[in-house]
Structures are given as structure tokens and as C-alpha cells.
Number of protein chains: 2
Amino acid sequence: MQQMEQIVASLREEGFRITPQRMAIVDYLLKTEDHPSAELIHKVIRKKYPMVSLSTVYKTLELLKEKKLVNEMDVEGEARFDAHTDEHINLVCMNCGKIDDVDEDSLKDIQVKAARKSKYLILKSSFELSGYCSDCKSKFQA
Amino acid sequence: MQQMEQIVASLREEGFRITPQRMAIVDYLLKTEDHPSAELIHKVIRKKYPMVSLSTVYKTLELLKEKKLVNEMDVEGEARFDAHTDEHINLVCMNCGKIDDVDEDSLKDIQVKAARKSKYLILKSSFELSGYCSDCKSKFQA
DNA sequence: TTCCTTATTGATAATAATTCCTAATTAATA
DNA sequence: TATTAATTAGGAATTATTATCAATAAGGAA
Ligand SMILES: [Mn+2]
Ligand SMILES: [Mn+2]
Ligand SMILES: [Zn+2]
Ligand SMILES: [Zn+2]
């Protein structure tokens with residue numbers, strides 16, 4: 001995700017209004033390393049800005065997705081949002097729900113190769129590994 | 001996915017009952033190259049075996065997932081089932097909903113590397129590219 | 001084959017994340 | 001400050017999936 005100023009400028013330029021709700025959501029996403037759900041974003045933001053509704057969170061996330069400022073991923077039927085929009089691997093802990101990022105240079109090559117082989121026009125990619133994180137895995141090994 | 005006989009044998013061995021419903025679902029998944037939703041599986045199977053309910057389809061898919069005979073993936077809020085359980089790339093057409101497979105040898109290496117870097121115990125992987133298939137992409141290029 | 005036990009099924013109700021709807025609010029501009 | 005169209009809040013609607021449970025039938029024993 002880019003910096004706040006650029007985001008604000010580009011949204012305003014396209015005729016979108018800069019509301020406190022949108023600022024709060026973008027600000028949170030810019031600062032977190034987390035991959036929060038809509039619900040969590042709502043909860044966190046309410047502490048500082050109590051006047052943000054869940055529907056506004058959803059609508060803002062939709063806008064940010066369209067502007068390619070966040071990616072949406074699905075973890076067990078719940079959408080999780082990722083402000084880290086470069087190609088990378090998301091590691092999902094099936095116990096605590098945490099998601100960690102791992103960079104891997106070859107992902108872009110793989111994507112290009114797959115596009116060639118399949119003749120698809122590729123617009124989005126998602127590389128996801130699930131299991132147990134270092135904290136949780138001890139609990140699941142006999 | 002393995003062959004029908006092995007699947008039947010291993011389910012029976014573990015005390016699961018072999019019902020016509022389960023046979024029909026496994027049979028369909030074995031034969032299709034498709035990545036069907038629960039609803040589609042239900043519709044297709046009903047033609048041959050009208051006495052299969054949607055809840056049974058869901059429960060059977062749950063069982064097959066636990067036995068690692070199918071993978072579940074999510075496409076726009078709907079679960080899609082993949083009987084091709086080796087590591088591969090799924091290409092999702094955002095227009096017609098079709099999913100194509102592309103093999104890529106380096107996926108396993110990437111997975112191993114990511115596991116080492118992150119200290120995760122990895123149990124599942126999903127490599128997904130979305131865009132427009134060769135049939136659909138012409139409609140989306142000005 | 002017939003009978004028993006209990007896993008499985010089918011039908012429907014419940015759940016939960018997301019989307020839809022609309023009157024009230026407010027950002028942007030002059 | 002007044003105007004106006006975009007946005008918001010909050011609740012209703014939607015929809016895929018899960019839960020519930022009485023009826024059924026698979027598999028084993030006699
Ligand atoms: Mn990430
Ligand atoms: Mn596949
Ligand atoms: Zn964990
Ligand atoms: Zn297509």
C-alpha cells in the first residue's frame with residue numbers, strides 16, 4: 001500500500017470524498033502488519049472513531065479493493081484484508097488465525113509461465129499455505 | 001484422487017459405510033476435470049441418483065476433505081471442490097467461473113522454502129491465479 | 001436370510017458473513 | 001453560507017453452509 005497522502009490525493013482526484021471513516025480505515029491498514037477481517041477493522045477503529053459503522057467498513061474495503069490498494073483473501077469463510085499488495089506468500093495458522101508474509105522472488109515468474117501455458121489474462125494472484133505457526137505447532141505434535 | 005476401489009476399501013476399513021450416495025459423489029469427482037460447487041455436484045448427481053440430498057453432498061465432501069481426497073477452494077464466497085490433490089496452480093476465470101489446472105514443478109520447493117523461513121508446519125497449499133480465460137478475455141479488452 | 005445396532009440420510013431450521021436499502025448526514029464547491 | 005450529490009448508519013435481506021433429529025439402511029451376527 002502506498003502512503004496516506006498519495007492515496008488521499010488519488011481518491012480525491014477521482015471524485016471520491018475524503019471522510020473521517022475512510023481516513024481511519026486506510027490509516028489502520030497502512031500501519032498494521034496484520035491481515036484483519038472486516039469485523040476486526042471495525043472493532044479496532046471504533047476505539048478511536050466510534051462513529052464508524054460496519055457497513056461503511058465493508059464499503060470502504062470494496063473501494064480500496066477496486067483501487068488495488070488492498071487484496072482480499074478468504075480464511076474459512078471469512079474475508080481477510082491484506083494491505084501488502086506485492087506478490088508474496090501468505091501463511092495462515094489454522095489454530096490461532098494469524099497470517100504471516102513470506103517473500104519469494106519466483107512467484108512472478110511462475111505467474112508469467114502459467115499465463116503463457118494457459119492463455120489466461122491474469123489479474124490477481126494468491127499464494128496461500130496453511131498449517132500451524134511456530135507458536136501453535138507444538139500443541140499439534142504428539 | 002485415487003481409484004474408486006482403493007477409496008471404498010479405505011473408507012470401509014475405517015468403519016465408514018459405503019452408501020450409494022457416497023459412491024455417486026466419489027464417482028463423479030473421480031471422472032470430472034471440473035472444480036464443481038456443492039450445488040453443482042448435487043444437480044449433476046441427481047440426474048442419475050435422484051435420492052441424494054444437498055446435506056448429504058455437503059457431509060460427504062466434508063468426509064472426503066478429511067481423508068485428503070479432495071481439496072476445497074473458495075471462489076467469490078462459494079466453495080469449489082478439486083479432486084486433483086497434487087500441488088498445482090488453479091486458474092480461475094472471473095467471467096465464466098471455469099477453473100483450469102496448470103502444473104508447475106517448483107511449487108513444492110517454494111513450499112519447503114517457506115516452511116523453513118517461517119517455521120510453520122504446513123498442511124495445505126493453494127496457488128490461485130484469477131483473471132479471464134482464453135474464451136472470455138476478448139470480451140474484456142477494448 | 002433375518003435381525004440388530006448404529007452410522008447415515010433427508011428435510012428443514014439455524015447461523016453468520018456479506019450485501020442491499022434508504023432516510024439522514026456531510027464533504028466539496030462556489 | 002447555501003447547494004447538491006456522495007456517503008453514512010443501521011437495519012433488513014440474502015445466501016452458502018452447518019446443525020438438528022427422526023427415519024432409514026449398511027454391515028455384522030446369528
Ligand atoms: Mn500478506
Ligand atoms: Mn485444480
Ligand atoms: Zn498459530
Ligand atoms: Zn471464462
Side-chain angles (χ1 to χ4, degrees), chain A residues 4 7-28 35-46 48-67 70-82 92 97, chain B residues 4 7-28 35-46 48-67 70-82 92 97:
Chain A
M4 180 63 97
I7 294 169
V8 165
S10 76
L11 287 178
R12 203 187 303 260
E13 199 172 338
E14 294 184 72
F16 294 104
R17 293 181 178 175
I18 307 306
T19 64
Q21 291 89 337
R22 285 176 175 170
M23 295 282 277
I25 292 165
V26 169
D27 182 62
Y28 171 55
H35 296 68
S37 65
E39 194 93 41
L40 179 61
I41 293 170
H42 185 228
K43 270 203 197 105
V44 171
I45 284 182
R46 283 208 135 178
K48 254 188 162 174
Y49 310 88
M51 71 313 184
V52 179
S53 74
L54 185 56
S55 8
T56 296
V57 172
Y58 274 110
K59 266 174 292 197
T60 301
L61 288 168
E62 187 61 36
L63 175 65
L64 296 176
K65 262 182 350 189
E66 276 164 23
K67 299 288 148 233
V70 297
N71 285 329
E72 181 179 347
M73 51 190 293
D74 176 275
V75 177
E76 319 191 38
E78 189 185 53
R80 303 279 293 268
F81 298 88
D82 191 347
V92 182
Chain B
M4 180 63 97
I7 295 169
V8 165
S10 75
L11 287 178
R12 204 188 300 260
E13 199 171 340
E14 294 184 71
F16 295 104
R17 291 181 181 176
I18 306 306
T19 64
Q21 290 89 337
R22 286 176 174 170
M23 295 282 276
I25 292 166
V26 170
D27 181 62
Y28 170 54
H35 295 69
S37 64
E39 194 93 42
L40 178 62
I41 294 171
H42 185 226
K43 270 202 198 106
V44 170
I45 283 184
R46 282 206 137 176
K48 253 187 160 175
Y49 308 87
M51 71 312 186
V52 179
S53 75
L54 184 56
S55 5
T56 296
V57 171
Y58 274 110
K59 267 174 293 197
T60 300
L61 288 168
E62 188 60 36
L63 174 65
L64 296 175
K65 262 184 349 192
E66 277 165 22
K67 299 290 147 226
V70 297
N71 285 329
E72 182 178 346
M73 52 190 293
D74 176 277
V75 177
E76 321 191 36
E78 189 185 53
R80 303 278 293 267
F81 298 88
D82 191 346
V92 182

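Reminder, nothing fancy here: chain letters follow the sequence lines and each chain counts from 1. The basis for the numbers below is simple: all heavy atoms, side chains too, and nothing from hydrogens, waters or symmetry mates.
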Sub-3.5 Å pairs of nitrogen or oxygen atoms, protein against nucleotides 25-30 of chain C:
from: C:dA27; atom 1: N3; to: A:Arg17; atom 2: NH1; distance (Å): 3.1
from: C:dA28; atom 1: OP1; to: A:Arg12; atom 2: NH1; distance (Å): 3.2
from: C:dA28; atom 1: OP1; to: A:Ile18; atom 2: N; distance (Å): 2.9

Next item on the list: Find the bend of the helix from C:dT1-D:dA30 to C:dA30-D:dT1 as the angle between its two terminal axes (five pairs each), to the nearest 10°.
Entry: 40°
Check: In whole Å, what is the span from the CZ atom of B:Arg46 to the C1' atom of C:dT9?
Finding: 13 Å
Note to self: Between B:Lys65 and B:Glu62, does any NZ, NE, NH1 or NH2 come within less than 4.0 Å of an OD or OE carboxylate oxygen?
What the structure shows: yes
Notebook entry, point to check: Do A:Val92 and A:Met73 touch side chain to side chain, with heavy atoms closer than 4.5 Å?
Noted result: yes
Output side-chain donor-acceptor pairs under 3.5 Å for residues 36-46 of chain A, partner residues at least two apart or in another chain, one line each.
from: A:Ser37; atom 1: OG; to: A:Leu40; atom 2: N; distance (Å): 3.1
from: A:His42; atom 1: NE2; to: A:Arg46; atom 2: NE; distance (Å): 3.2
from: A:His42; atom 1: NE2; to: A:Val52; atom 2: O; distance (Å): 2.8
from: A:His42; atom 1: NE2; to: A:Leu54; atom 2: N; distance (Å): 3.4
from: A:Arg46; atom 1: NE; to: A:Val52; atom 2: O; distance (Å): 3.4

Check: What's the spacing between A:Leu63 CG and A:Thr56 OG1 if we round to 0.5 Å?
Finding: 12.0 Å
Item checked: Distance in angstrom units between A:Lys43 NZ and C:dA17 C1', rounded -> 13 Å
Notebook entry, point to check: How close or far is atom C1' of C:dA17 from atom CZ of A:Arg80, stated in whole angstroms?
Noted result: 14 Å
Checklist line | B:Phe81 side, atom CZ; B:Ile25 side, atom CD1 - distance, nearest 0.5 Å | finding: 10.5 Å
Margin query: Going 5' to 3' along DNA chain D, which are the first and last nucleotides with any atom under 4.0 Å from a heavy atom of chain B?
Written below: D:dA16 to D:dG27
Check: Which comes earlier along DNA chain C counting from the 5' end, the contact point of B:Val52 or that of B:Gly15, where each point is its nearest nucleotide?
Finding: B:Gly15
Checklist line | Smallest separation among heavy atoms of A:Gly97 and A:Arg80, with atom names | finding: O-NH2, 2.8 Å
Donor-acceptor pairs under 3.5 angstrom involving side-chain atoms of residues 14-24 of chain B: please list them, not counting sequence neighbours.
from: B:Glu14; atom 1: OE1; to: B:Lys67; atom 2: NZ; distance (Å): 3.1
from: B:Thr19; atom 1: OG1; to: B:Arg22; atom 2: N; distance (Å): 3.1
from: B:Arg22; atom 1: NH1; to: B:Arg17; atom 2: O; distance (Å): 2.8

Check: How many Å lie between CD on A:Glu76 and C1' on C:dA16, as a whole number?
Finding: 14 Å
Check: Just wondering, more than 12 heavy atoms not from A:Glu76 lying within 6.0 Å of its CD?
Finding: no
Check: Which of residues 53-63 of chain B sit near DNA chain C, with a heavy atom under 4.0 Å from it?
Finding: B:Ser53, B:Ser55, B:Thr56, B:Lys59
